[in-house]
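Report on the following structure.
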Amino acid sequence: MTDPTPNPALPHDFLPALAHLKRRGFGETVPTVALILGSGFGEVEQAVVDPLRCPYSDLPGFPAPAGTAGHVCRLSQGTLWGVNALVFRGRYHAYEGHAPRDLAACVWVAYGLGARILVVTNAAGGIRPDLAPGTLMAIRDHINLMGVNPLVGPQRLAGAAAFPPMGAAYDAGLLGQLLEAGRAVGESVTSGVYAAVLGPSFETPAEVEMLRRLGADAVGMSTIPEVVTASALGLRACGLSLITNQAGSAQDSHQQVLQAASANADRVAGVLKALLRKLASA
Ligand code: HPA
């Protein structure tokens, strides 16, 4: 990006972070895609070739992600599987108590740096009976039960539509490419509806039954604020969930989720690689 002026649509809170990144060379070449890596999938970031790197802790106005002691939280830009990519290793969760808009800090910054495609990954609990642990699910649509919307606040005045439609929050073309990417690497990626709750507690069996009746196939505690913001900004978005556990089981634990995510991280990376290769040749 040759224009050094901040994008006027960005809320003021994210301008210092954007300026900091631009001073370090981020956005000098326009990224095609921004990728947000959920817990357990951080290793993908190691595949970025010749990356520029910046820890979130260096970004003014970027809240410290809570509960991430010992985890690397940083942004990288470089070539990932043939695509100029911004890779966000670490994300913000509503249950950490952040302000609504901060939940999508990565998306605002990605937008400010010029990315127009967002790919998100997460771990989720399976609700639909065929979604056993280890299943990969491309997000077809979502149900926001977090009780929070990232567009609440003054950024409604800063350029994003005041009442943005969500009818195409998950881009149909990208969803198709994600499913094809799965087939290309021999993974059967199914599609489904992702519901997000506030957390941090897991769901009771009655809540899981409620979610099922509402039309949710899987449940998690992230992603929706990022996709809502992306959609409001006109980014094309897609999401890939790894089912790590059966939602509502008495054994649900964060450790189990992280273990399952790490154990399947290579499969997730394989599908992402095939997707980015498709985007590179598009
Ligand atoms: N519930 C909510 N969030 C989750 C789950 C779950 O069962 N698994 C992974 N993230």
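Just so you know, ligand 1 is whichever comes first in the structure, and atom 1 is the first atom listed for that ligand.
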Tell me the salt bridge (charged side-chain N to carboxylate O under 4.0 Å, His left out) pairs involving residues 125-138, sequence neighbours left out?
R128-D130, R128-D217
Listed by chain and number, what are the ring pair (Phe, Tyr, Trp, His ring centres under 6.0 Å) partners of H142, not counting sequence neighbours?
Y170
Evaluate the criterion side-chain hydrogen bond (donor to acceptor under 3.5 Å, both in side chains) for residue pair Q251 and N245; output intermediate values, then yes/no.
CA-CA 9 Å; Q251 283 81 45; N245 58 293; over 6 Å; no
Test side-chain contact (heavy atoms from CB on, under 4.5 Å) applied to L198 - qualifying residues, sequence neighbours left out
A94
Between S241 and N122, do the side chains contain a donor N or O and an acceptor N or O under 3.5 Å apart?
yes
Between ligand 1 and the protein, tabulate every N or O atom pair separated by less than 3.5 Å, reporting distance only.
unit_1: ligand 1; atom_1: 1 (N); unit_2: E203; atom_2: OE1; d: 2.7
unit_1: ligand 1; atom_1: 1 (N); unit_2: E203; atom_2: OE2; d: 3.4
unit_1: ligand 1; atom_1: 7 (O); unit_2: N245; atom_2: ND2; d: 2.8
unit_1: ligand 1; atom_1: 8 (N); unit_2: G125; atom_2: N; d: 3.2
unit_1: ligand 1; atom_1: 8 (N); unit_2: N245; atom_2: OD1; d: 2.7
unit_1: ligand 1; atom_1: 10 (N); unit_2: A123; atom_2: O; d: 3.4

Below 30° counts as parallel, above 60° as perpendicular, anything between as tilted: where do the rings of H93 and Y95 land?
parallel
